[in-house]
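Worksheet: the structure to be examined is printed underneath.
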There are 2 protein chains.
Amino acid sequence: MPPTVRERVRAELTAEITAAARRQLAEVGAAALSLRAVAREVGMASSAVYRYFASRDDLLTRLIIDGYDALGAAAEDADDPDAPPRERWLAVCRAVRSWGRAHPHEYALLYGSPVPGYAAPRDTVPAAARVGVVLGRILGDAARGGALPEALGGDRDPELVSDETAAVLGGEHAALDDAVRLRALLAWSSVYGTISFELFGHLVGSVTDTDRYFDLAMGELAGLVGL
Amino acid sequence: MPPTVRERVRAELTAEITAAARRQLAEVGAAALSLRAVAREVGMASSAVYRYFASRDDLLTRLIIDGYDALGAAAEDADDPDAPPRERWLAVCRAVRSWGRAHPHEYALLYGSPVPGYAAPRDTVPAAARVGVVLGRILGDAARGGALPEALGGDRDPELVSDETAAVLGGEHAALDDAVRLRALLAWSSVYGTISFELFGHLVGSVTDTDRYFDLAMGELAGLVGL
DNA sequence: CGCAGCCGAGAGCGCTGCTCTCGACAACGC
DNA sequence: GCGTTGTCGAGAGCAGCGCTCTCGGCTGCG
């Protein structure tokens with residue numbers, strides 16, 4: 001049956017609250033995001049917001065999921081399946097960095113210090129995996145196309161990287177070499193480390209041309225995973 | 001002239017406050033660190049603490065500097081100048097990870113989302129550089145010993161990595177190849193990314209044996225920089 | 001039409017960072 | 001030795017926060 005008017009209004013108001021919260025987040029960051037300020041912007045009493053989000057952390061969790069989804073979508077959009085693997089890798093890395101530079105506070109919320117208690121709610125996992133899926137599909141396609149050396153000479157170490165993650169990282173090409181699994185995970189950590197260092201200010205004064213530095217670094221990482 | 005009684009007492013009280021703050025930080029994290037709670041623990045009125053630290057951010061800055069120093073000291077202690085370069089590299093990386101696992105909230109304060117406004121105070125820079133200096137000394141020693149390939153085949157790109165940073169990264173061996181400078185910086189970012197992914201929970205469910213994963217990953221990075 | 005359930009508003013609790021004022025005490029010059 | 005000056009701790013207070021509870025009004029269902 002169609003949604004009742006009540007449900008529609010409720011959904012719209014929920015969206016309006018999250019939109020206001022996202023604006024607040026972009027302006028002042030997650031630490032200073034105030035539920036009362038969001039309520040003021042939407043134009044209702046702070047207590048009324050609690051009809052829609054049980055707590056400030058719940059609202060933040062909503063923003064985290066949305067952030068992962070937006071970042072994942074940016075990565076997916078940047079991937080052209082017909083391009084050569086190395087180009088695909090570089091394009092997706094650049095897209096992730098661009099998104100981070102455009103939304104520094106959101107990026108910090110996703111990949112910075114975990115703000116709430118210390119537990120990432122389970123709901124965030126699928127959304128968080130999207131970027132990994134994109135990078136993994138590139139590796140899997142490259143492996144299927146024979147562009148990836150099957151044995152890189154690393155130690156065999158089955159089960160170090162769990163099968164489910166390996167499946168993600170390798171797309172449908174589940175039989176990726178153990179060493180490739182390891183390097184793929186390391187490469188993704190390194191992409192994240194590089195972008196975070198730049199966004200969090202650890203590179204100021206060290207690198208003059210951050211664009212060029214990033215491209216060269218991502219090229220090195222592409223070489224590391226065999227692309 | 002010797003410090004007056006007043007100065008001595010003031011220094012002691014300052015130390016007592018920072019110690020209490022460090023305990024609070026270790027327990028509840030930077031976001032929940034409350035100046036009033038620190039004052040309660042020390043046993044004085046909250047307003048009195050402002051005689052010693054102008055603001056909560058000032059207190060946090062003190063903790064940041066202390067954290068960088070403690071981490072830097074741990075890295076320096078772990079470095080045995082007589083060991084082969086690759087072993088030195090691995091030992092320092094392990095020490096950084098161990099420190100992070102032992103002090104997760106401090107680590108998050110140093111390398112997570114920047115909490116205050118967005119500007120890392122200038123005072124933190126020298127302390128923050130200590131780990132980089134240690135890693136750089138290893139590379140410099142290796143290069144001086146001929147253990148590092150002079151040309152790795154990367155594009156020449158002078159001035160990408162600023163000279164002062166290159167001097168740090170290469171120890172006194174200032175003439176490190178441009179490609180080595182780039183890879184050294186990338187490697188340090190990757191070490192940070194790997195540790196942060198683990199501490200911030202982005203690897204849960206993906207890696208079964210985090211100790212072994214870390215060692216293998218650091219080995220890959222050592223290979224990347226030429227060790 | 002009447003009733004149950006949802007919803008917004010307001011008041012209020014305990015907490016926070018921070019400021020101001022005031023009384024007490026130590027350090028210095030005479 | 002004594003007064004002056006500057007420092008210090010304590011208390012009260014302000015504005016803001018997350019969150020709870022209660023109450024009155026409105027909506028949708030029977």
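Atom set for the values below is all heavy atoms of this structure, side chains included, hydrogens, waters and symmetry mates excluded. Just so we're clear, the structure is a prediction, and the values are computed from it rather than from any experiment.
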Nearest whole angstrom, please: distance from the [atom2] of [N] to the [atom1] of [X].
X: E12(A); N: dC7(C); atom1: CD; atom2: P; value: 14 Å
X: M44(B); N: dA10(D); atom1: CE; atom2: P; value: 7 Å
X: L13(A); N: dG8(C); atom1: CG; atom2: P; value: 6 Å
X: L60(B); N: dC18(C); atom1: CG; atom2: P; value: 10 Å
X: R36(B); N: dC17(D); atom1: CZ; atom2: C1'; value: 12 Å
X: L35(A); N: dA9(C); atom1: CG; atom2: C1'; value: 15 Å
X: R56(B); N: dC15(C); atom1: CZ; atom2: P; value: 17 Å
X: Y50(B); N: dC18(C); atom1: OH; atom2: C1'; value: 5 Å

Counting distance alone, no hydrogens or angles: does the base of dG10(C) have a donor or acceptor under 3.5 Å from a partner atom on the side chain of S47(A)?
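Answer yes: a donor N or O sits under 3.5 Å from an acceptor.
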Looking only at side-chain atoms of [X], point me to the closest of [options].
X: R51(A); options: dC19(D), dC18(C), dC7(C); value: dC7(C)
X: A45(A); options: dA9(C), dC8(D), dG18(D); value: dA9(C)
X: S46(A); options: dC8(D), dA9(C), dC19(D); value: dC19(D)

R10(B) NZ/CZ over Y52(B) ring centroid, <6.0 Å and within 45° of normal
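Yes, R10(B) lies over the aromatic ring of Y52(B).
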Within the structure provided, determine whether I138(A) and D141(A) are in side-chain contact (heavy-atom separation under 4.5 Å).
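Side-chain contact under 4.5 Å: no.
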Are the side chains of V131(B) and Y68(B) in touch, meaning some heavy atoms are under 4.5 Å apart?
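Answer no - side chains too far apart.
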Base, sugar-phosphate, or nothing: which does [X] touch, judged by heavy atoms less than 4.0 Å apart?
X: S34(A); value: sugar-phosphate
X: F53(A); value: nothing
X: L59(A); value: nothing

According to a strict under-4.0 Å criterion, is Y52(B) in side-chain N/O contact with OP1 or OP2 of dG9(D)?
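Result: yes.
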Look at R40(A) and dC17(D) and indicate whether a side-chain polar atom (N or O) is within less than 4.0 Å of OP1 or OP2.
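Yes.
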Output field: ring centroids Y111(B)/F200(A) closer than 6.0 Å:
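No - the distance between ring centres of Y111(B) and F200(A) does not fall below the 6.0 Å cut-off.
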Under 3.5 Å, is there a donor-acceptor pair between the side chain of R56(A) and the main chain of L33(A)?
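Confirmed, R56(A) side chain pairs with L33(A) backbone.
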